[in-house]
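Notes to accompany the following structure.
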Amino acid sequence: MTEGANIQLSPEELLSLPEDIRSRIASLAYEHERLAKENILLAEENRLLRAKRFGPSTEKSIYLSGQQMLFNEAEYHFRTSTEEPALEQVQARKKKARGKREADLSGLPTRRIDYELPESERICPACTGPLHEMDEDIRLELEYIPAKACVVEHATHLYACRACDKSAEATPIIRAFSPKPIFSGSLCSASLLSHVASDKYLYHLPLYRQEAAFAHDGITLSRQTLSNWIVRANEDYLFAIMEKMKEKLVKGGVIAADETVIQVLREDGRKAQNKSYMWLYRTGADAKHPLIYYEYQPSRSARCPEKFLEGFNGYLQCDGYKFYRVLKGPIEVVCCWAHVRRKFEEALAILPADKRAESEAYRGLDYINTLFALERTYIKMTDAERASERAKKSVPVAEELYLWASTLGATPKSLLGKAIGYLVNLKPDLMRVFDDGRLELSNNRAERSIKSFVMGRKAWLFSNTPRGADASAAFFSIIETAKENNLNVYEYLKYLFDKLPNMTTSEIDSVVPWSESLPNYVKVPTAYTP
């Protein structure tokens with residue numbers, strides 16, 4: 001018999017074999033089927049890993065017609081309409097209309113330099129008559145002035161009475177008013193602390209690199225000193241702002257939540273390798289003043305959101321993480337359709353290109369992309385109008401998707417089976433988005449907000465202690481909220497640290513990032529658009 005030959009037996013031949021041989025054949029057939037299924041699943045996982053490693057990373061589906069072109073960054077952002085205009089000679093008296101560039105620079109201070117002919121040269125070369133000024137040719141340059149450090153002496157004058165000094169038993173001494181420093185006995189100023197915090201939490205510059213930058217300018221400030229300032233600023237001042245932020249957030253009707261890993265090296269009772277978490281809670285699309293709140297917690301258990309959301313009555317938008325979905329009380333959980341879409345995109349990514357368009361994964365993805373396409377038509381509607389249109393158009397599409405999913409017999413452990421299982425198991429929480437026009441189809445708003453922390457974590461890797469993690473949470477909260485309320489982060493932080501040491505608790509409302517009484521100089525004149 002040739003090795004590896006395919007032997008097929010008829011039912012009669014199988015029955016004629018001894019019992020032990022038939023049992024052995026059945027066992028081998030079962031094992032063969034199990035290994036074949038396992039091989040298919042492993043091949044799927046291998047293709048998915050290759051797609052994630054070498055394929056494009058984007059939230060936009062690349063499998064739909066009209067969306068298959070990929071661009072590199074330079075080509076994608078290139079626009080002929082934004083090309084710098086060539087220099088032209090003035091040919092008319094009429095001044096050029098104000099353009100986009102001038103509008104973008106209108107909020108910046110301007111320094112004008114005039115270039116004029118001296119009186120002795122204002123003579124016509126043709127007739128030697130006097131010249132008069134007909135117009136001016138203006139070009140713009142954006143000048144950058146690097147930061148400069150200087151020492152500020154705060155001299156508080158003391159006054160005494162000479163008459164009392166001569167005749168009285170005690171001489172009154174009167175001290176002139178001077179504002180309290182941010183830290184008593186420290187070199188730290190509001191501007192310096194704001195610079196350090198902005199560099200670390202806005203631009204993700206680790207303290208050891210800031211230490212080197214200060215040393216380059218001849219200033220000796222150790223990273224330990226900078227770290228101490230950040231922790232003290234949180235514990236002495238920012239906690240009051242954070243309380244106001246949490247109070248306002250919990251009073252709202254919609255909160256979006258997410259979480260990510262943070263490593264804390266020195267924490268009582270825990271190893272440095274243990275995972276801790278930075279939780280994020282933020283306002284939804286309906287908020288007049290966006291608010292973003294980070295909270296450090298040593299775990300990812302349900303106790304963390306339960307404690308934070310005490311007193312909250314409304315919708316919680318989140319991903320499908322199980323501990324969100326078991327929250328008790330008057331909280332309505334709304335899960336994210338973008339996460340469902342990712343599951344179907346993964347199932348589609350492992351298929352050969354010529355088989356994708358006819359696959360079940362493509363059909364499921366098409367249903368979900370239809371829902372997102374409908375959402376884009378609702379953007380300018382009121383909440384009530386959006387809810388009404390969703391009931392008419394989106395709900396039937398979602399119900400058809402679930403009806404289609406119920407007819408599939410995909411293997412549960414396959415990528416398509418996992419996508420179907422994820423969709424079906426979260427049905428009540430996914431369909432709840434259609435109940436209220438304030439809700440969004442995805443939790444991308446929270447995921448975009450937590451991305452700033454993730455980028456910072458890549459730069460400085462870990463926090464040394466829980467106090468440092470709490471300080472990071474507070475600074476990230478205030479900075480990200482300031483950004484979304486169109487504030488200049490450095491100027492706002494400087495304003496805070498100038499004011500907070502000399503304020504009472506009852507005055508805190510005047511300096512929160514959404515306060516209407518903030519001075520104009522802390523606001524960004526024109527919203528930043530990358």
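Numbers here are sequence positions counted from 1.
Side-chain atoms of N228 and Q224 form a donor-acceptor pair, as typed in the model, at a separation below 3.5 Å. A donor-acceptor pair shorter than 3.5 Å can be found between the side chains of S276 and R270. Counting only N and O atoms by type, the side chains of H216 and E211 include no donor and acceptor under 3.5 Å apart. Between the side chains of S510 and E507, no donor N or O sits under 3.5 Å from an acceptor N or O. For the 3.5 Å distance criterion, the side chains of E259 and Y324 qualify, holding a donor opposite an acceptor. A donor-acceptor contact closer than 3.5 angstrom is absent between the side chains of S194 and S191.
Residues passing the ring pair (Phe, Tyr, Trp, His ring centres under 6.0 Å) test with F323, sequence neighbours excluded: Y321.
Taking the ring centre of F372 as origin, the terminal cationic atom of R341 falls inside the region bounded by 6.0 Å and 45° from the ring axis.
Enclosure of atom OH in Y521 by more than 12 non-hydrogen atoms of other residues, nucleotides or ligands within 6.0 angstrom is indicated. Heavy-atom neighbours of I219 CD1 from other residues, nucleotides or ligands within 6.0 Å: above the threshold of 12. Taking a 6.0 Å sphere around CZ of R467, one finds it holds 12 or fewer heavy atoms contributed by other residues, nucleotides or ligands.
Each salt bridge (charged side-chain N to carboxylate O under 4.0 Å, His left out) pair with one or both residues in residues 448-464, not counting sequence neighbours, would appear here, but there are none.
Proximity of a side-chain donor or acceptor of R386 to a complementary backbone N or O of I379 within less than 3.5 Å is detected. Checking side-chain atoms of N485 against main-chain N and O of L487 turns up no donor-acceptor pair under 3.5 Å. Using modelled atom types, one side-chain atom of N443 and one backbone atom of A257 make a donor-acceptor pair closer than 3.5 Å.
Side-chain contact between R209 and R223 is absent, with no heavy-atom pair separated by less than 4.5 Å.
In terms of heavy atoms, D258 sits closest to A446 at CB-CB, 4.2 Å. Taking every heavy atom of both residues into account, M455 and H204 meet most closely at CB-NE2, 3.8 Å.
Ring geometry for Y201 against F475 counts as parallel: the plane angle stays under 30°, on a 0 to 90° scale with 60° as the upper cut. Between F476 and Y294, the two ring planes are tilted [angle within 30° to 60°].
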Side-chain donor-acceptor pairs under 3.5 Å in residues 490-501, sequence neighbours left out?
{"from": "Y492", "atom 1": "OH", "to": "V511", "atom 2": "O", "distance (Å)": "2.5"}
{"from": "K494", "atom 1": "NZ", "to": "D498", "atom 2": "OD2", "distance (Å)": "3.3"}

Exercise. Take S449 and R282, measure what side chain to side chain donor-acceptor pair (under 3.5 Å) needs, and give me the verdict at the end.
Key: CA-CA 8 Å; S449 295; R282 65 154 299 149; 2.8 Å; yes
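When each of V250, L249, T481 is paired with Y293, the side-chain contact (heavy atoms from CB on, under 4.5 Å) condition holds for L249 and for no other.
Here F344 and W337 keep their ring centres 6.0 angstrom or further from each other.
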